[in-house]
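This report concerns only the one structure given below.
Every chain is numbered from 1, with letters handed out A, B, ... down the list of sequences. Just so it is clear, the model here is predicted, and its values are computed rather than measured.
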Amino acid sequence: MPELPEMENYKKLLTNKIIGKTIIDIEVNREKSINTSSTDFIQELRGKQIVKIDRRAKHLIFRLSSGKNLLLHLMLGGWMYIGNDNDSPNRTKQVILSFQDIKLYFIGLRLGYLHMLDENDLVTKLSDLGPEPLDPSFTFENFQDIFQSRRGKLKTTLIDQKIISGIGNCYSDEICFEAKIKPTITVNSLGKDRLFSLYNSIQTVLRNAISLGGYMEEPLYLGDQLTGGYNSHLLVYDREGKECRRCGGTIVKIELSFRKCFYCPDCQKVDIGLI
DNA sequence: AGGGCAACCCGGACGC
DNA sequence: TGCGTCCGGGTTGCCC
């Protein structure tokens, strides 16, 4: 599922493709994906330009020349494609934005959405999100303060969007592996050294994933060689029964807070942290 | 505060 | 090929 690195990748690639371009046509094939009537939605978009794309947590924000914003959350299984009707994937497209020379397709929006919001509503909508883990203002001291005041399990805490935003089921496992900490540990049992290791692992894993295009394999456009490049670099996620690339042990899958959780029992032994 | 749990949603995978 | 069934999973909100 798209998490921070995937959305950051989309932001970068889409920025190169569509910034400054005018939306000339809009197709809404699923009313539930949007927050107004199709008629209003189309009217608000037609003739407007996309002047900037921002990312906040797992959301993308398309800034429109009208001053309004399109807020995208892909949720489960949502993805995008940019191209034309000849090369686009043979899938149901919930929303299509057409520019002069290219179309942006929104695919797999089930619980995902594309909402038209003014600045106030946008700020309100995003106000409960925790800090951006890659923002320079998110220091180790911030991280330490947040985690030391918590009592939940490590993985559960990492994916809680109110605590830190942007990390989901895949990268939480990869981060725990990188830090060599078992995801089931309660966070307030982690000492300063392990918290520091965790903080660094968050940075390392997310930055690396971004630079390699994230782990979702569907290309954004014809000839896109970047998107999905991190998939082959995953060390634990979806690797149940496979060999640990660090120690040769076997990756296991457990259920943790109703979620799949993958880790290496040999590398990630710490479940009563004292260090 | 944190855990449990249900609801949301439907394309696509799978079975026959 | 075709039809029916079921699953996945981030987020929200409510309860304890």
For [range], which residue pairs qualify under salt bridge (charged side-chain N to carboxylate O under 4.0 Å, His left out), counting only residues two or more places apart or in two chains?
range                       : result
residues 28-45 of chain A   : Glu44(A)-Lys68(A)
residues 101-120 of chain A : Lys21(A)-Asp101(A), Arg63(A)-Glu119(A), Asp85(A)-Lys103(A)
residues 126-154 of chain A : Arg55(A)-Glu132(A), Arg56(A)-Glu132(A)

Does Arg239(A) reach the main-chain N or O of Glu243(A) with its side chain, forming a donor-acceptor pair under 3.5 Å? yes
Identify, with sequence neighbours excluded, every residue that meets salt bridge (charged side-chain N to carboxylate O under 4.0 Å, His left out) alongside Lys52(A). Asp54(A)
Run the side-chain donor-acceptor check on residues 22-29 of chain A: report pairs under 3.5 Å with partners two or more places apart or on a different chain.
residue  : atom : partner  : partner atom : Å
Asp25(A) : OD1  : Arg46(A) : NH2          : 3.0
Glu27(A) : OE2  : Asn29(A) : ND2          : 3.1
Asn29(A) : ND2  : Lys93(A) : O            : 2.7

With a 4.0 Å cut-off (strictly under) to non-hydrogen atoms of chain A, the first and last hit nts on DNA chain C, 5' to 3', are dG8(C) to dT11(C)
Taken in chain and number order and not counting sequence neighbours, the residues that satisfy side-chain hydrogen bond (donor to acceptor under 3.5 Å, both in side chains) with Asn188(A) are none
Check side-chain hydrogen bond (donor to acceptor under 3.5 Å, both in side chains) between Thr204(A) and all other residues, then give those that pass, not counting sequence neighbours. none
Only counting residues at least two apart or in another chain, list the ones meeting ring-ring contact (aromatic ring centres under 6.0 Å, His included) with Tyr237(A). Tyr215(A), Phe262(A)
Residues in ring-ring contact (aromatic ring centres under 6.0 Å, His included) contact with Tyr105(A), at least two apart in sequence or another chain: none
Given protein heavy atoms under 4.0 Å, the one-letter contact record of nucleotides 1-13 of chain B, with B base, S sugar-phosphate only and - none, is simply SSSSB--BBBBS-
Measure the angle between the two terminal helix axes of the helix from dG2(B)-dC16(C) to dC16(B)-dG2(C), five base pairs each, and quote it to 10°. 40°
